[in-house]
**Q** 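Handing you a structure now.
Below, read A as the first sequence line, B as the second, and so on, with proteins coming before strands; counting in each chain starts at 1. For clarity, every value in this text was computed on a predicted model and none was experimentally measured.
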There are 4 protein chains.
Amino acid sequence: MSTTGTRVDGRSRRAEAARDRRRTRILETALKLFAERGYHATHVSDIIDAAGVARGTFYLYFESKEAIFHALLDRLLAHLRAHVVGVDTTPGAPPVERQLQQTVRRLLEVVERERRAIAVVLREAVGLDPSVDAKLREFYASLHAYVVEALVAGQAMGIVRPLDVEIAAACILGSIKHVMERAVMLTPEAPLPIERVCHAVLDFNLRGVLADGAAS
Amino acid sequence: MSTTGTRVDGRSRRAEAARDRRRTRILETALKLFAERGYHATHVSDIIDAAGVARGTFYLYFESKEAIFHALLDRLLAHLRAHVVGVDTTPGAPPVERQLQQTVRRLLEVVERERRAIAVVLREAVGLDPSVDAKLREFYASLHAYVVEALVAGQAMGIVRPLDVEIAAACILGSIKHVMERAVMLTPEAPLPIERVCHAVLDFNLRGVLADGAAS
Amino acid sequence: MSTTGTRVDGRSRRAEAARDRRRTRILETALKLFAERGYHATHVSDIIDAAGVARGTFYLYFESKEAIFHALLDRLLAHLRAHVVGVDTTPGAPPVERQLQQTVRRLLEVVERERRAIAVVLREAVGLDPSVDAKLREFYASLHAYVVEALVAGQAMGIVRPLDVEIAAACILGSIKHVMERAVMLTPEAPLPIERVCHAVLDFNLRGVLADGAAS
Amino acid sequence: MSTTGTRVDGRSRRAEAARDRRRTRILETALKLFAERGYHATHVSDIIDAAGVARGTFYLYFESKEAIFHALLDRLLAHLRAHVVGVDTTPGAPPVERQLQQTVRRLLEVVERERRAIAVVLREAVGLDPSVDAKLREFYASLHAYVVEALVAGQAMGIVRPLDVEIAAACILGSIKHVMERAVMLTPEAPLPIERVCHAVLDFNLRGVLADGAAS
DNA sequence: TATGAATGAGGGTTCATTCAT
DNA sequence: TATGAATGAACCCTCATTCAT
């Protein structure tokens with residue numbers, strides 16, 4: 001009797017682990033198929049066939065086909081968010097530029113790890129359903145706000161020149177997003193040359209393309 | 001009967017005009033609905049109801065639901081392409097920077113005119129079907145090549161500093177695309193402040209965000 | 001050109017007639033199957049197979065499986081209602097008893113004609129969905145009210161003895177309904193001996209079973 | 001160990017009692033839910049959730065969802081049957097009319113106690129599956145036979161007038177059934193005024209509605 | 001050319017039942 | 001005995017497309 005508690009615990013612990021493994025298996029399978037064929041072209045049948053589970057099992061783990069997309073999206077956004085920290089402008093903090101660079105590098109690293117999820121979200125998320133739209137819009141808005149804040153802080157510190165921060169922020173996000181898209185879409189298998197891309201993107205965003213002496 | 005030829009011509013001319021009007025009517029209706037609800041959520045029934053034509057008539061003008069999307073996409077890409085001319089580096093031509101500015105302005109003007117089509121394509125085009133994907137990829141690739149070419153030309157002329165032209169081109173396209181997206185998606189009704197946006201985007205792309213004396 | 005109007009009319013008239021025929025065909029097929037196997041055991045597939053129409057065609061004529069049941073129910077209730085007229089107590093009207101007899105006879109005639117629908121409704125209607133329940137309850141309530149009214153009128157005229165009209169009405173309806181049920185359920189094919197049943201039912205309801213001199 | 005037998009007996013007795021409690025718990029829960037939502041709208045999940053047992057446990061006590069309905073039906077029919085005894089026509093037995101009255105009263109008492117089961121059976125039993133149908137039909141048939149027998153006996157004793165006993169029996173059953181239905185369906189919570197209903201129903205069945213001097 | 005009734009493949013989801021633990 | 005995760009057959013409905021008129 002003394003082991004009952006332990007046994008039960010062990011059982012449920014093992015069961016829970018098994019549950020988690022299965023959920024992840026289905027999730028990853030769906031991600032793979034969504035990435036390969038797109039959300040609409042991937043049927044629940046495809047997912048369960050590929051994951052090797054029964055039809056009903058799918059609905060044991062996810063409420064609907066849409067729900068699995070939401071799970072994917074949430075996971076990705078959480079990962080991305082976890083790597084976008086606010087700008088630290090307290091004295092003694094690393095320089096803002098340095099912080100931006102770190103952020104870009106971290107984002108690219110997540111992108112590298114989450115290639116397929118990124119591709120799926122970039123391709124399919126918008127227009128799927130209103131709540132997906134809202135999630136994405138909110139995510140972009142938070143990134144946008146973050147960059148605006150960084151630019152304003154930089155201006156206060158004299159390292160960012162006077163400019164239209166709203167549009168500049170949009171340009172910065174757009175440049176990073178498009179570079180990520182290209183990396184993910186065009187060479188879906190090749191590893192991302194993070195160091196090079198990170199440096200080039202930052203260099204571009206900081207200094208533009210104009211030669212020093214060139215006229216406006 | 002001697003006038004048959006003429007009459008037929010007149011008839012067919014009138015008939016052809018009517019055909020064109022009808023085709024355009026269906027196309028515009030579809031565009032409106034796609035913009036409002038998305039491609040997948042817009043059914044052929046919705047289009048024919050809104051356009052006031054019979055079900056069969058739709059298929060007299062368009063092979064399929066996908067075909068109408070292709071028609072929309074082709075029209076938009078044609079419009080955009082028509083306003084992206086190659087860089088003219090012959091002596092006496094306007095300065096490359098000037099040409100870029102003109103291009104951006106013209107692009108923004110098309111965007112302004114074609115808001116809904118842009119929104120639809122940005123939202124739904126990718127992942128719809130392989131040939132749509134291919135068209136879009138090809139379009140982006142041509143834009144990309146155009147920008148790379150411009151950058152290389154600028155470097156040769158000494159007005160573009162040494163940089164990773166591939167990534168810089170991606171950054172430039174991405175910044176413009178995202179600014180367009182924001183304009184089209186966030187404020188679907190407000191008119192675009194073309195002048196301001198155009199200037200700010202170019203300023204950003206040319207000079208980045210760094211203040212002159214700031215350290216890298 | 002002078003025949004255009006006529007032609008179009010003729011066309012649409014013919015089309016409408018065809019539509020009606022088809023709708024009726026599906027309705028009758030559903031009725032037959034519902035009667036044979038019950039509502040829940042009858043699948044849309046069975047109906048369309050038996051009716052010889054395509055799956056989509058079914059939904060062209062009926063919104064859902066439930067809708068076809070409602071259509072059946074409505075038709076039956078309309079038929080029944082059409083044969084239950086209020087009691088006419090104006091001077092010179094036929095005696096109330098006579099009117100009741102007519103009503104019972106007419107009801108039995110409808111039952112005879114609508115055997116299958118009656119069987120289906122009696123068997124399946126209750127508990128199918130709330131609105132079906134409501135319809136049925138309302139129908140029974142109106143019958144009940146009609147009988148109560150007749151009894152009260154009869155009492156006023158001295159031909160109905162003092163009694164609990166509510167319960168008596170329920171008894172009358174119950175006796176008729178059960179006799180109908182037996183007729184329909186037990187001998188689904190045999191023709192109803194309307195005359196005999198009608199007379200016996202009325203005789204029972206009017207005089208009960210007690211012999212004249214029997215004590216209470 | 002010498003007490004094993006006893007212990008086992010005690011155990012199994014206790015175990016059996018626990019089994020019975022559990023079975024009853026599930027049965028009552030199912031009855032409650034069937035009464036509230038109907039058989040088809042009640043899922044096994046609902047029953048086990050409400051009963052607080054595991055999914056598999058349900059099938060330890062009942063072979064299937066249908067089986068639990070059969071159990072319910074059997075229990076109800078047994079209760080009803082237990083209160084319908086044959087007519088005793090031996091000399092010295094209470095008068096037939098009295099016996100009928102007792103039967104009606106006892107039936108109504110069971111109805112009062114088994115409201116929910118009655119409602120469920122009246123609403124859902126017919127058409128569920130052939131064997132349920134058969135059970136019900138058999139039950140009604142036995143009631144019918146009982147009433148016919150009583151009527152014939154009554155005729156032999158001169159207390160029942162000449163009439164079509166088959167139809168009269170159907171009328172009697174129908175009137176009782178419908179009154180029960182009304183009581184159970186329309187006022188599911190209010191207690192049944194047994195005395196009044198019992199008297200009124202019998203009065204109706206015995207004497208009909210006609211005033212003494214009224215013409216046929 | 002225009003019509004719109006008819007088509008039917010295919011999709012997502014439910015839920016009674018089983019069985020390894 | 002009790003559990004509850006897994007199963008998969010079955011079902012209703014949608015909607016892009018066709019074709020007789």
**Q** Starting at the 5' end of DNA chain F and moving along, which residue's nearest nucleotide shows up first, B:Glu66 or A:Ala18?
**A**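 Its nearest nucleotide being more 5', the pick is A:Ala18.
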**Q** E:dC15, OP1 or OP2 - any side-chain N/O from D:Ser45 closer than 4.0 Å?
**A**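 No, D:Ser45 has no side-chain N/O under 4.0 Å of OP1/OP2 on E:dC15.
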**Q** If you find the nucleotide of DNA chain E closest to C:Gly56 and the one closest to B:Arg22, which residue's nucleotide is nearer the 5' end?
**A**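 Nearer the 5' end of the strand: B:Arg22.
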**Q** Without decimals, in angstroms, what is the distance between B:His43 NE2 and F:dT17 P?
**A** 12 Å
**Q** Judged by each residue's nearest nucleotide on DNA chain F, which is more toward the 5′ side, C:Thr42 or A:Ala54?
**A**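 Closest to the 5' end, via its nearest nucleotide, is A:Ala54.
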**Q** Among the candidates F:dT17, E:dT1, E:dG12, find the nucleotide nearest to the side-chain atoms of B:Arg19.
**A** E:dT1
**Q** Going by atom types alone, do A:Lys135 and A:His70 pair a side-chain donor with an acceptor below 3.5 Å?
**A** yes
**Q** Side-chain N or O of D:Ser64 versus OP1/OP2 of E:dA16: is the shortest distance under 4.0 Å?
**A**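 For E:dA16, neither OP1 nor OP2 has a side-chain N or O of D:Ser64 closer than 4.0 Å.
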**Q** How long is the straight-line distance from NE2 of D:His40 back to NE2 of C:His40, given to the nearest 0.5 Å?
**A** 4.0 Å
**Q** Given the ring of C:Tyr59, does C:Lys65 sit roughly above its face, with NZ or CZ under 6.0 Å from the centre of the six-membered ring and within 45° of the axis?
**A**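 No; the conditions do not both hold, so C:Lys65 does not lie above the ring face of C:Tyr59.
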**Q** Whole angstroms only, please: what is the OH-C1' distance between B:Tyr59 and E:dT1?
**A**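 Nearest whole value for this atom pair: 18 Å.
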**Q** Send over the distance from B:Lys65 NZ to F:dT18 C1', rounded to a whole Å.
**A**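 For the pair B:Lys65 NZ and F:dT18 C1', the rounded distance is 18 Å.
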**Q** How many Å lie between CZ on B:Phe58 and C1' on E:dT1, as a whole number?
**A** 17 Å
**Q** Has the side chain of C:Thr57 got a donor or acceptor atom that lies under 3.5 Å from a matching backbone atom of C:Val53?
**A** no
**Q** Give none if E:dC15 has no partner; otherwise give the nucleotide forming a Watson-Crick or G-U wobble pair with it, both distances under 3.5 Å.
**A**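 Pairing partner, where one exists within any strand: F:dG8.
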**Q** Inspect the surroundings of CD in B:Glu63 and state if more than 12 heavy atoms from other residues, nucleotides or ligands are less than 6.0 Å away.
**A**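 It does not: B:Glu63 CD has 12 such atoms or fewer within range.
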**Q** E:dA6 phosphate, OP1 or OP2: any side-chain N/O from C:Arg23 under 4.0 angstrom?
**A** no
**Q** Within the modelled atom types, does a donor on one side and an acceptor on the other bring the side chain of C:Arg55 and the base of E:dT7 under 3.5 Å apart?
**A**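 Such a pair does not exist between side chain and base.
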**Q** Taking any strand in view, what nucleotide pairs with E:dA20 in a Watson-Crick or G-U wobble way, both distances under 3.5 Å?
**A**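 For E:dA20, the partner nucleotide comes out as F:dT3, under the 3.5 Å rule.
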**Q** Assign A:Tyr61 to base, sugar-phosphate, or nothing according to its heavy-atom contacts below 4.0 angstrom with the strands shown.
**A**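 The answer is sugar-phosphate, as A:Tyr61 gets under 4.0 Å only of primed atoms, P, OP1 or OP2.
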**Q** For the pair made of CD1 in D:Ile68 and C1' in E:dT17, what is the distance, rounded to whole Å?
**A**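 Value for this atom pair: 14 Å.
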**Q** I need the CG-P distance between D:Asp49 and E:dC15, as an integer number of Å.
**A** 13 Å
**Q** Would you mind reading off the distance between A:Leu60 atom CG and F:dA6 atom P, rounded to a whole angstrom?
**A**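 Answer to the nearest Å: 6 Å.
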**Q** In this structure, how many angstroms lie between the P atom of F:dA16 and the CZ atom of B:Phe69, rounded?
**A**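 Distance, rounded to whole Å: 15 Å.
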